[in-house]
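The block underneath contains the structure these notes are about, expressed in structure tokens.
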Number of protein chains: 2
Amino acid sequence: MYISTKTGYALRAMIELALTGDKQPLSIAELANRQQLPSKYLERLFSLLKKSELVKSRKGTNGGYLLAREAETITLQDVMHAVEESHYYTYCRHQKIDADYCQGLSCHLRGFWDRIGTDLESYFSNINLQSIINKYIRGDHEANLFE
Amino acid sequence: MYISTKTGYALRAMIELALTGDKQPLSIAELANRQQLPSKYLERLFSLLKKSELVKSRKGTNGGYLLAREAETITLQDVMHAVEESHYYTYCRHQKIDADYCQGLSCHLRGFWDRIGTDLESYFSNINLQSIINKYIRGDHEANLFE
DNA sequence: TAATAACATACTGAATTAGTAGGAGTTCGC
DNA sequence: GCGAACTCCTACTAATTCAGTATGTTATTA
């Protein structure tokens, strides 16, 4: 189990937006330059972030992206979910069991995997951009990562 | 982020072994049949489980596999780690940062991803085969999934 | 109106996953 | 000892996802 670079890239860019604030939008080119990320790839990630309404955009000259909500309200779960578009289940894709044919051990384990899924989801939902910034970017060791 | 079918398959097979006990080994053929899994694929998974010393084997007629330790001492973390052989980091493979060139935001986030990694590892390490069986196979709703 | 930047789509190569095939080496029961 | 029943080992294939590139269209603004 691992967390994809997609999520890693998206998080870095989102934090960059949060640090900039909403004075003015940041363009993909600027974001890619600051974070040393491939700009075309970032562009695609941002179209996903926008679809999930985590960022808003302004077209044309001096355009770019802004956070759509306050950094405190955007969680790691939000970012991961927006960007990882796999059409399999996010957790436990081996759980594609036909409900009509639900019997035996693998069926009993369905409840187990559901539990794992909700636990992880709740874990990632309790980490927001602002707390990451406070603790790891600003380096406030007193700060709590979880809200 | 998701949990692979590899892990799902391996867990089912390991639970089957735990339920059988150590009276006699279970062959791959028998396991594959009971769990409706592709036997050749299971075979490969078991070579990994054995390499990690989670199971022991007996060759020849009436041979097969047994748990190498008590079900209480085998965790989901153990199974996942044994079976997911990717040579990337288990968590956060986008963290392949050259330490000599560690600067800026992505470097600060290294600490963050390390924290995520250890949190997840500790989560999965607190779930063992026996507690899964108690709670989800035997259906004891009073049982605690975590030790 | 021209520059700028988001938006859209389609493509590539590499890695991993999931599963198959065939055979070599061990051990057991007879 | 011999053959059946196993594990064990290596190499292959197909499908999927990941990471990144290329090209062009649309909207905004200076």
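Being a predicted model, the structure only gives us computed values, none of them experimental. In what follows, every heavy atom counts, from backbone to side chain, and hydrogens, waters and symmetry copies are set aside. Naming: A, B, ... by sequence-line order, numbering from 1 per chain.
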Contact between B:Phe124 and A:Ile116 at the side-chain level, heavy atoms closer than 4.5 Å - yes or no? yes
OP1 or OP2 of [N] under 4.0 Å from side-chain N/O of [X]:
{"X": "B:Ser57", "N": "D:dT7", "value": "no"}
{"X": "A:Lys50", "N": "C:dC7", "value": "yes"}
{"X": "A:Tyr9", "N": "D:dG20", "value": "yes"}

Contact letters for nucleotides 25-30 of chain C, in which S counts primed atoms plus P, OP1 and OP2 and B counts the base, heavy atoms under 4.0 Å: -BBBS-
Between [atom2] on [N] and [atom1] on [X], what's the gap in Å once rounded to a whole number?
{"X": "B:Ile3", "N": "C:dT16", "atom1": "CD1", "atom2": "C1'", "result": "17 Å"}
{"X": "B:Leu48", "N": "C:dT17", "atom1": "CG", "atom2": "P", "result": "11 Å"}
{"X": "B:Glu84", "N": "C:dA15", "atom1": "CD", "atom2": "P", "result": "19 Å"}
{"X": "B:Tyr41", "N": "D:dA11", "atom1": "OH", "atom2": "P", "result": "19 Å"}
{"X": "B:Leu37", "N": "C:dT20", "atom1": "CG", "atom2": "C1'", "result": "15 Å"}

Tell me, please, which residues at least two apart from A:Lys51 pass salt bridge (Lys or Arg N to Asp or Glu O under 4.0 Å). none
Output all residues satisfying salt bridge (Lys or Arg N to Asp or Glu O under 4.0 Å) with B:Arg115, sequence neighbours left out; order by chain, then residue number. B:Asp119
For [X], enumerate each residue passing the side-chain contact (heavy atoms from CB on, under 4.5 Å) test, keeping only those at least two apart in sequence or located in another chain.
{"X": "A:Ile137", "answer": "A:Ile15, A:Leu19, A:Ile133, B:Leu105, B:His108, B:Leu109"}
{"X": "A:Ser47", "answer": "none"}
{"X": "A:Asn62", "answer": "none"}
{"X": "A:Thr61", "answer": "none"}

B:Asp22 atom CG, neighbour heavy-atom count above 12 within 6.0 Å: no
Report each atom pair, protein N/O against N/O of nucleotides 8-13 of chain C, whose distance is under 3.5 angstrom.
none

What salt bridge (charged side-chain N to carboxylate O under 4.0 Å, His left out) pairs are there with at least one residue in residues 52-74 of chain B, not counting sequence neighbours? B:Arg69-B:Asp78
Restricting to pairs with a member in residues 24-38 of chain B, which pass salt bridge (charged side-chain N to carboxylate O under 4.0 Å, His left out), not counting sequence neighbours? B:Glu16-B:Arg34, B:Glu30-B:Arg34
Return each pair, listed once, that meets side chain to side chain donor-acceptor pair (under 3.5 Å) where at least one residue sits in residues 124-136 of chain B; pairs must be two or more places apart or across chains. B:Asn128-B:Glu147, B:Gln130-B:Asn134
Does anything in residues 14-34 of chain A come within less than 4.0 Å of DNA chain D? Heavy atoms only, and list the residues if so. none
Base, sugar-phosphate, or nothing for B:Phe46, non-hydrogen atoms under 4.0 angstrom? nothing
